Asker: 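After the structure tokens below, expect a handful of questions from me.
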Amino acid sequence: MKRADKAGTREWVGLGVLVLTSLLISIDIFVLALALPYLSADLGASSTQQLWIMDIYGLMLTGFLITMGTLGDRVGRRKVLLVGSAVFGIASICAAFAASAEMLIASRAILGIAGATLVPSTLALISTMFHDPKQRGLAISIWMVGCMGGAAIGPVVGGVMLAHFWWGSVFLIGVPVMVLLLVLGPLLLPEYRDANASRLDLISVSLSLAAMLPIVYGMKGLAQNGPQPLNIAAIAGGGVFGFVFVQRQRRLTNPLLDLRLFANRALSTAMSGQFFGPFLMGVIMLLVTQYLQLVGGLTPLKAAMWLLPAVAAQMASFLLSPLMARRIHPAYLIGIGLVFSVTGLWLITRVEASSGLVGLMLGYALTNFGSGPLMTLTPDMIIGSAPPEKAGAAGALSQTSAEVGFALGIAVLGSVGTVVYRNQMVDAIPAALPPEAAAAARDSLIGATEAAQKLADPLHATLLASARNAFNNGLNTVAMISAVLLVMVAIFVVARLKHIRPGGEEPLQKQDDRIQIALPRTEHEPS
């Protein structure tokens with residue numbers, strides 16, 4: 001079998017541009033949480049509008065991923081990436097200078113659609129630029145470090161920007177990088193498309209959006225407000241459209257989403273890992289962040305600084321994982337990593353509200369460190385298992401799995417934490433507390449904290465201690481459930497992926513089968 005060509009300087013510099021783009025987009029997402037109070041006051045945004053400002057980006061991003069990934073395969077991945085970057089930059093400027101909450105929501109929606117062009121196109125382009133499995137695995141890991149780096153330094157950058165400039169400045173951070181991508185992209189990034197692809201089936205596009213948008217909306221609603229009728233109806237309605245979408249894909253000669261991709265064992269198993277990793281560990285990130293601020297009493301900036309060691313541990317694991325996978329079977333490496341994550345989650349189950357932050361952050365750092373092999377090797381398996389002309393669709397599936405897993409994990413496991421909190425607070429609220437304050441304290445730790453600020457001691461201290469203990473118990477419970485389920489994920493992944501050899505290569509016969517399917521339908525365009 002012919003040895004894969006090694007990537008050269010041009011490809012690695014091109015990767016640097018893609019990583020910088022992902023870094024700045026990630027920062028752009030995470031700084032919004034800090035800017036929300038400022039922009040809400042300036043624009044007079046209602047509580048409902050604030051939720052839409054925060055959520056509309058992720059809703060549109062997830063809903064359009066499959067469409068944009070497939071579109072890149074058909075019309076050109078570099079073309080879609082550059083057009084998406086231009087739209088992202090323009091929408092960022094519109095968001096920065098928004099004159100009303102409605103204008104900001106609309107700008108964020110366009111940002112989400114543009115963002116949906118970037119991730120699958122980027123992953124597909126990496127597969128085009130790096131044919132060697134070892135180099136491709138490392139390139140994807142470096143790209144993911146960029147994403148996580150933005151999550152780590154986003155709050156820090158946001159704090160500095162908000163201290164010196166107006167809230168709109170946080171949306172302008174990524175604009176220069178988008179300009180850089182538009183200038184250097186045509187020079188450094190290759191174009192690639194499936195020359196035999198037909199036009200997009202607009203009915204399938206509509207069905208895809210009609211399935212994804214309500215499902216993600218309903219899951220976000222579950223996480224925020226619980227199982228209300230609207231949220232349940234949205235998920236059920238999306239499920240119906242999803243069923244119709246799948247049936248249509250089975251009948252089409254050139255479907256929007258080729259369901260034959262799921263027949264590949266490595267791809268389908270890796271997608272499961274991409275789903276369950278964020279599902280089980282994403283909610284821990286949210287709860288730990290809330291713990292630092294509401295139980296530990298830290299400012300957002302100080303909380304971000306406390307999170308840096310855990311993020312650094314995860315980034316180190318991202319970089320080490322593909323290097324170690326050259327000598328260790330990926331399945332076993334993922335399993336070993338998840339042992340670290342389970343150990344970290346067990347440490348989090350031992351944390352108490354009065355025990356300090358060191359134990360919590362040690363457990364969270366171990367959880368993050370252990371997630372590295374799962375979160376970096378599975379995207380490479382998904383991209384590497386798909387035929388080259390389907391890499392954009394595969395990249396979209398990878399990201400969609402992660403996004404939906406994260407949203408569903410917040411909804412399901414976040415609800416578990418809320419139930420534990422509310423059950424414990426039923427008997428923990430002081431009898432002397434005013435009814436309105438008692439209702440707020442029973443609802444959430446945020447409500448209890450706000451209610452306690454209006455009370456004098458000893459009611460203030462008693463309510464705050466009770467609420468913090470209840471939240472801590474919710475965190476302990478969620479961590480325990482996540483640990484148990486993560487053991488099951490580890491067993492499943494190891495059993496299903498143990499045939500993949502070190503270096504990311506499947507047995508020769510499996511590779512030949514995939515290549516015979518791929519070659520007749522693939523054609524490069526000139527760079």
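Being a predicted model, the structure only gives us computed values, none of them experimental. Note: hydrogens, waters and symmetry copies are ignored here, and every other heavy atom, side chains too, is used.
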Asker: As a quick check of understanding, evaluate side chain to side chain contact (heavy atoms under 4.5 Å, CB included) for Asn368 and Met315, giving each step before the final call.
Answerer: CA-CA 9 Å; Asn368 276 4; Met315 288 193 290; over 6 Å; no
Asker: Atom CG in Leu287, atom OG1 in Thr418: separation rounded to 0.5 Å?
Answerer: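 These two atoms lie 8.0 Å from each other.
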Asker: Do any pairs count as a side chain to side chain donor-acceptor pair (under 3.5 Å) and have a residue in residues 315-325, sequence neighbours left out, and if so which ones?
Answerer: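 For residues 315-325: none.
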Asker: Check whether any side-chain heavy atom of Val145 lies under 4.5 Å from a side-chain heavy atom of Val19, and answer yes or no.
Answerer: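 Side chain of Val145 against side chain of Val19, heavy atoms only: no contact under 4.5 Å found.
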Asker: Which pairs, with at least one residue in residues 269-279 and sequence neighbours excluded, count as a side chain to side chain donor-acceptor pair (under 3.5 Å)?
Answerer: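 Found Thr269-Arg496, Gln274-Thr378, Gln274-Ser398.
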Asker: Distance-only, no hydrogens or angles: does the Ser341 side chain make a donor-acceptor pair with backbone N or O of Thr367 under 3.5 Å?
Answerer: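 Side chain of Ser341 to backbone of Thr367, a donor-acceptor pair under 3.5 Å: yes, one is there.
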Asker: Under 3.5 Å, side chain of Ser141 to main-chain N/O of Thr376, donor-acceptor pair present?
Answerer: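 No, Ser141 side chain to Thr376 backbone: no donor-acceptor pair under 3.5 Å.
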Asker: Is a side-chain N or O of Gln314 found less than 3.5 angstrom from the main chain of Ala310, in a donor-acceptor match?
Answerer: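 No, the answer is negative, given that no donor and acceptor are paired below the 3.5 Å cut-off.
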Asker: Where do Glu11 and Phe130 come nearest, in terms of heavy atoms and distance?
Answerer: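 Nearest heavy atoms, Glu11 then Phe130: O-CZ, 3.7 Å.
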Asker: Between Phe340 and Phe369, does the ring centroid distance fall short of 6.0 Å?
Answerer: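 Under 6.0 Å, so yes.
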Asker: A side-chain contact here means heavy atoms from C-beta on lying under 4.5 Å apart; do Met488 and Phe276 qualify?
Answerer: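 Sidechains of Phe276 and Met488: no contact.
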Asker: So Arg77 and Thr128, side-chain hydrogen bond (donor to acceptor under 3.5 Å, both in side chains) or not? Walk me through it.
Answerer: CA-CA 10 Å; Arg77 295 162 187 167; Thr128 303; 3.2 Å; yes
Asker: What are the two closest non-hydrogen atoms of His329 and Lys498, and how far apart are they?
Answerer: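 That would be CD2-O, 3.6 Å.
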Asker: Which atom pair, heavy atoms only, marks the closest approach of Ala234 to Pro214?
Answerer: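 Heavy atoms of Ala234 and Pro214 come nearest at O-CB, 3.3 Å.
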Asker: So which of Leu280, Ile284, Leu286 actually passes side-chain contact (heavy atoms from CB on, under 4.5 Å) with Val478?
Answerer: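 Passing option: Ile284.
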Asker: Test your reading of the model: is there a side-chain donor-acceptor pair from Asn469 to the backbone of Ala465, 3.5 Å cut-off?
Answerer: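 Side chain of Asn469 to backbone of Ala465, a donor-acceptor pair under 3.5 Å: yes, one is there.
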Asker: Out of curiosity, Arg108 CZ to Leu61 CG, how far, rounded to the nearest 0.5 Å?
Answerer: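 Rounded to the nearest 0.5 Å, the CZ-CG separation comes to 10.5 Å.
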Asker: Using the side chain to side chain contact (heavy atoms under 4.5 Å, CB included) rule, take Leu413 and Phe279 through it: C-alpha gap first, then chi angles, then the decisive distance, then the call.
Answerer: CA-CA 8 Å; Leu413 295 178; Phe279 178 91; 4.2 Å; yes
Asker: Looking at Thr349 and Trp346, would you say the former's side chain and the latter's main chain have a donor-acceptor pair under 3.5 Å?
Answerer: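 Such a contact is found between Thr349 side chain and Trp346 backbone.
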Asker: Output side-chain donor-acceptor pairs under 3.5 Å for residues 115-126, partner residues at least two apart or in another chain, one line each.
Answerer:
from, atom 1, to, atom 2, distance (Å)
Thr117, OG1, Ala114, O, 2.5
Ser121, OG, Thr117, O, 2.7
Thr122, OG1, Leu118, O, 2.6

Asker: Does the side chain of Met361 reach to within under 4.5 Å of the side chain of Leu307, using non-hydrogen atoms?
Answerer: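 Yes; the side chains approach each other to less than 4.5 Å.
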Asker: Could you check if a side-chain atom of Tyr291 sits within less than 4.5 angstrom of a side-chain atom of Tyr364, using non-hydrogen atoms only?
Answerer: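 Tyr291 does not reach Tyr364 side chain to side chain.
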Asker: Judged by atom type as modelled, is there a donor-acceptor pair below 3.5 Å linking the side chain of Asn476 to the main-chain atoms of Val351?
Answerer: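 Present.
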Asker: Got a second to check how far Ile336's CD1 is from Tyr332's OH, nearest 0.5 Å?
Answerer: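 Between Ile336 CD1 and Tyr332 OH, I get 10.0 Å after rounding to 0.5 Å.
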Asker: Roughly how far, to the nearest 0.5 Å, is CZ of Phe64 from CE of Met212?
Answerer: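 The distance works out to 11.5 Å.
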Asker: Using a 4.5 Å cut-off on heavy atoms from C-beta on, say whether the side chain of Met381 contacts that of Ile334.
Answerer: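 Ile334 reaches Met381 side chain to side chain.
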Asker: Could you give me the CA-CA distance, side-chain angles and deciding distance for Leu230 and Tyr217, then say whether side chain to side chain contact (heavy atoms under 4.5 Å, CB included) is met?
Answerer: CA-CA 10 Å; Leu230 179 60; Tyr217 172 84; 3.5 Å; yes
Asker: For the residue pair Ser401 and Met271, what are the closest heavy atoms and their distance?
Answerer: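 Where Ser401 meets Met271 most closely, the heavy atoms are OG-CE, 2.9 Å.
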Asker: Under 4.5 Å between any side-chain heavy atoms of Pro278 and Met375, yes or no?
Answerer: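 Yes. Closest side-chain heavy atoms under 4.5 Å.
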Asker: Taking all atoms of both residues into account, what is the closest heavy-atom pair of Leu111 and Phe88, and its distance?
Answerer: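 Scanning both residues, the minimum pair turns out to be CD2-O, 3.4 Å.
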Asker: Where do Ile113 and Met68 land on the side chain to side chain contact (heavy atoms under 4.5 Å, CB included) test, with the steps shown first?
Answerer: CA-CA 9 Å; Ile113 297 173; Met68 294 304 181; 3.8 Å; yes
Asker: Counting only heavy atoms from other residues, nucleotides and ligands, does the tally under 6.0 Å from CZ of Phe492 exceed 12?
Answerer: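 Atom CZ in Phe492 is packed in, count exceeds 12.
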Asker: Tell me the closest heavy-atom pair linking Leu18 and Trp143, and the distance in Å.
Answerer: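 Heavy atoms of Leu18 and Trp143 come nearest at O-CD1, 4.1 Å.
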Asker: Does any non-hydrogen side-chain atom of Val419 lie less than 4.5 Å from one of Asn423?
Answerer: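 The answer is yes; the side chains approach within 4.5 Å.
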Asker: Taking atom CZ of Phe241 as the centre, does the number of heavy atoms from other residues, nucleotides or ligands within less than 6.0 Å exceed 12?
Answerer: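 Not buried by this count: 12 neighbours or fewer within 6.0 Å.
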Asker: What distance separates Gln424 CD from Thr477 OG1, expressed to the nearest 0.5 Å?
Answerer: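 The OG1 atom of Thr477 is 9.0 Å from CD of Gln424, to the nearest 0.5 Å.
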Asker: With side chains defined as the heavy atoms from C-beta onward, is the minimum distance between Leu357 and Trp306 less than 4.5 Å?
Answerer: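 Side chain of Leu357 against side chain of Trp306, heavy atoms only: contact under 4.5 Å found.
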Asker: How long is the straight-line distance from CG of Leu292 back to CE of Met305, given to the nearest 0.5 Å?
Answerer: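 It comes to 12.5 Å.
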